[in-house]
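Step one of this worksheet: look at the structure below.
What you see is a predicted model, and the numbers here were worked out from it, not measured in a lab.
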Amino acid sequence: MKKAINFREQVCAVVRKIPRGRVATYGQIAAMAGAPGRARQVGWALHGSSEKEDIPWHRVVNYKGKISLPKHNGYEVQLALLKSEGVRFDEQESISFDVFGWQANAKEL
DNA sequence: CTCGTGACTCCCG
DNA sequence: TCGGGAGCCACGA
């Protein structure tokens with residue numbers, strides 16, 4: 001296995017594994033990418049990703065189960081995409097991880 | 001090499 | 001309940 005790939009590539013690879021109708025936190029993504037504690041870089045990686053159109057970035061939310069994006073910069077888009085996949089939000093526009101939280105098997109990586 | 005920035009997360013009061 | 005602050009690291013210039 002090579003780890004020569006950039007952090008961004010690794011993050012993208014993990015995000016692509018998120019099944020439809022499920023969501024994951026940045027911290028979770030970072031941990032699966034082999035970089036626990038670097039949740040911040042995950043968000044940056046997704047933002048800087050040129051292949052974001054090929055990545056279900058909308059399935060990534062913060063540890064509160066809410067969208068981190070500002071309303072004027074994709075919030076509504078992510079919200080709509082998640083809803084189109086069957087994800088439901090409560091009155092606070094937050095997602096219940098008990099229902100939509102993604103938990104990858106240890107065999108995934 | 002250093003500096004600034006950021007779609008995060010946790011601890012405290 | 002709610003907000004502020006600090007720590008973390010990657011990338012570009």
Side-chain angles (χ1 to χ4, degrees):
Chain A
M1 285 295 289
K2 287 186 176 181
K3 288 185 69 177
I5 60 179
N6 289 338
F7 195 81
R8 186 174 76 188
E9 297 299 321
Q10 186 65 18
V11 172
C12 290
V14 175
V15 175
R16 285 195 197 116
K17 294 172 188 174
I18 302 175
R20 185 172 177 282
R22 293 287 186 279
V23 296
T25 67
Y26 293 94
Q28 195 70 58
I29 299 296
M32 291 184 209
R38 299 176 193 167
R40 209 171 208 178
Q41 277 53 268
V42 175
W44 158 84
L46 265 48
H47 177 241
S49 175
S50 301
E51 309 175 58
K52 62 184 177 186
E53 296 189 359
D54 296 330
I55 299 169
W57 60 270
H58 53 270
R59 294 179 188 148
V60 184
V61 296
N62 62 18
Y63 78 111
K64 294 176 187 173
K66 299 183 75 171
I67 298 172
S68 300
L69 282 77
K71 305 223 169 188
H72 57 80
N73 189 27
Y75 181 96
E76 296 179 357
V77 177
Q78 183 168 9
L79 184 68
L81 287 169
L82 288 173
K83 285 184 177 179
S84 68
E85 294 191 349
V87 178
R88 303 213 184 166
F89 296 78
D90 59 16
E91 294 79 1
Q92 298 175 45
E93 294 184 306
S94 64
I95 303 170
S96 298
F97 289 108
D98 293 332
V99 181
F100 303 104
W102 175 50
Q103 296 178 163
N105 292 334
K107 300 178 183 177
E108 286 289 335
L109 298 177

In whole angstroms, the gap separating C1' of dC11(C) from CD of Q10(A) amounts to 17 Å
About how many Å separate CD of E93(A) and NZ of K71(A), when rounded to the nearest 0.5 Å? 4.5 Å
Could you tell me whether the side chain of R38(A) has a donor or acceptor atom within less than 3.5 Å of a complementary atom in the base of dC8(C)? no
Indicate, with a heavy-atom threshold strictly under 4.0 Å, whether G27(A) touches base, sugar-phosphate, or nothing. sugar-phosphate
Can you tell me the distance, in whole Å, between the NE2 atom of H58(A) and the P atom of dA7(B)? 19 Å
In whole angstrom, what separates K64(A)'s NZ from dT1(C)'s P? 13 Å
Is it possible for you to say whether Y75(A) and W44(A) belong to one hydrophobic cluster, with membership spreading through side-chain heavy-atom contacts below 4.5 Å? no
Determine, using the 4.5 Å side-chain heavy-atom cutoff (strictly less than), whether Y63(A) and I29(A) are members of one ILVMFWY cluster. no
For W44(A) and dC8(C), give me the distance from atom CH2 to atom C1', rounded to whole Å. 14 Å
Whole angstrom is fine here: how far is it from CZ in R40(A) over to P in dA7(B)? 9 Å
Rounded to whole angstrom units, what separation is found between the OH atom of Y75(A) and the C1' atom of dA7(B)? 13 Å
Between dG6(B) (C1') and W57(A) (CH2): distance, integer Å: 16 Å
If you pin N62(A) and Q41(A) to their nearest nucleotides in DNA chain B, which one's is more 5'? Q41(A)
Euclidean distance, F100(A) CZ relative to L82(A) CG, rounded to 0.5 Å: 9.5 Å
Within this structure, what is the CZ-to-C1' distance between F7(A) and dC8(C), rounded to whole angstrom? 11 Å
